[in-house]
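Residue indices begin at 1 and follow the sequence shown.
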Amino acid sequence: MNAMMFCYALLIGLALPLGLYMGRALDTDRSTVMDRLFGPVESVLMRLAGVDRRASMTWSAYLLAVLKLHLLLIGLAWIVFMSQGLLPLNPDGIPGMNWDTALHTAVSFATNTNQQHYSGQAQLSYLSQTLAIVTLQFLTPATGLAVLLAITRTLLKRQTTSATTSTTVSTNASTPPTGRGVGHDYSAVNYYVDLTRIVVRVLLPLSLMVALVLVWQGVPATYQGAQSVTMLDGGAAQVIPRGPVAPMVAIKQLGTNGGGWYGPNSTVPLENPTGLANLVETIALLLIPVATLIAVGVISGRRRLMMGIGAVMIAFSLITTTLIVVSERLPNAALAGLAVEGSPNLEGKEVRFGSDLSALWGSWTTQTSNGSVNAMHDSFNPLGGLGLLMDMFVNVTFGGIGVGLIGYLLYLMLAAFIGSLMIGRAPELFGKPLETREMRWISLAILAQPLIILGLTAITVAFPALTGNSNPGFHGLSQVLYEYTSAFANNGSGFEGLGDGTPWWNLTCVLALAVGRFLPMLVPLAVAGWLMEKRTAPQGRGTLSLEGGAFVGLTAGVIVIVNLLGFLPALVLGPIAEQLTLS
């Protein structure tokens, strides 16, 4: 537990200054020294891309820009994966992927999920890894944060004048809004400018620092092919895959991407060679999601609201992390009666890290949309597996970069609707009325999760030939449930033990990946746009305070109740039933 608390303390200590930096670096309403430092680079990039940095977007134009860019990226990545055998930077002669695996891989990385139905070092060339994979690992988390910034500026930001309130989003895609001073930077509502700023000012500098630390610790960073070495005991030579591993690992951790250069991910010493490397990669899992809370508080001026949200997230995090750590300290039931009986559950774990650091990584990687692993989740005890599943069901403990807080705002909107009715007021959010159109889409975005996950799980287990799971009974159900949960939550980790490299798994997971990414991310953007077109009601004594302790508790209760109602029966049939059979 001491190691766990040290990691939490270190995380918060690093996230505070990073969040303050992000708040200033990404706020387009004020000029900072970062504009002079990064501005020339950003201007060159946007001119090369043909982007007018002064053009302003409505919420609908912003939404369409997100979808169009991602469709383009998916198409390009799909082509690269299928044709990599004919392309350069392939010293190991890796052939192209099958069309269905290539499509799943392209959609997976374009949705910030990085779910892998392939083994990275054996089935992707260096060109695929760097041009397609790493590019998506930068652009997809940046998109989540960009959409959050758009919502922050249109809905969360405290307005100082009525003019700015009424004109923030009511502009067309090319005309600057009225009511602003001459010379104002209208890129405040431009997706491409937000995307560029986030990549240049946040993701690239942090990734460079982490990659340098990992190279120092022994993670490879080379374009040379696999190396053949002779073992100390003689015999056949062993082929060790290499590549530019360190840069990919840096952004996969920082960008809540997940995946891995090697199939077993950060359990492999070449990805995670030392205790210091493990600490750096562990902290990187949550660093930007936690810092984002602080940054949004700085940009929006709603520091108390962000503190309340942060308190709920930390409480959820501590509860599930403690459950998983305690579970993995329990012995493995398969070792009953053996000499090692009573030891922690070390099945599927790196003995260098032990049960506590493996459980901490497992908890943090499922509290975000990261999904990278330093231990095999399929080998966790049933209660540990239950904790991992609950992290992904909730999916807003910290969540992916940007999208975690966006998902929390969905529950906040639902709680505001319920809370307003409870005190006898017309439902409203920040003085804007919540009406049928908004609540219809909010409900759809929340209910899509159980509908997709449970629906696909039920169909798959009903046809054993499709399932391809390695375990019968309760754990077999957990394997299938986990795979679809990981896809919808844009997490990417797996219980493994599944023969998931089939057209059925690839195509059904594509559906879960796309719906799980774009519906919960873009619905709040649309709701924010609709609300900002409405008149703001004056606050009174009966106005529901979104920053008070009562509302914070109400929102937490809504999150717990919605997810328990949706998934408790499946949990009872899976990990809970498995745990009872071992008791």
key: Set of side-chain contact (heavy atoms from CB on, under 4.5 Å) partners for A295, sequence neighbours left out   = M22

inquiry  = Please enumerate all residues that pass side-chain contact (heavy atoms from CB on, under 4.5 Å) together with V215, with sequence neighbours excluded.
reply    = A221, A246

Residue list, salt bridge (Lys or Arg N to Asp or Glu O under 4.0 Å) with R201, at least two apart or on another chain = D35, E42

key: Close side-chain approach of P241 to D92, heavy-atom, < 4.5 Å   = no

inquiry  = Checking Y262 now: which residues fulfil ring pair (Phe, Tyr, Trp, His ring centres under 6.0 Å) with it, not counting sequence neighbours?
reply    = none

query = Are the ring centres of Y118 and H104 closer than 6.0 Å?
reply = no

message = Is the distance from the ring center of W505 to that of Y484 below 6.0 Å?
response = yes

inquiry  = Could you report the tightest heavy-atom contact between V199 and F138, atom names first, then the distance?
reply    = CG2-O, 4.1 Å

Donor-acceptor contacts under 3.5 Å from residues 205-213 side chains, at least two apart:
unit_1: S207; atom_1: OG; unit_2: L203; atom_2: O; d: 2.7

request  = Examine distances only and state if a side-chain atom of S83 and a backbone atom of L86 form a donor-acceptor pair shorter than 3.5 Å.
outcome  = no

Expected output: side-chain D194 to main-chain V189 donor-acceptor under 3.5 Å = no

query = Any side-chain donor paired with an acceptor under 3.5 Å for S128 and Q123?
reply = no

ring-ring contact (aromatic ring centres under 6.0 Å, His included): pairs with one or both residues in residues 269-290, sequence neighbours excluded = none

ask   = Under the criterion side chain to side chain donor-acceptor pair (under 3.5 Å), which of T282, N278, T267 is the partner of N272?
value = N278

query = Would you call the rings of F495 and Y482 parallel, tilted or perpendicular, where under 30° means parallel and over 60° means perpendicular?
reply = parallel

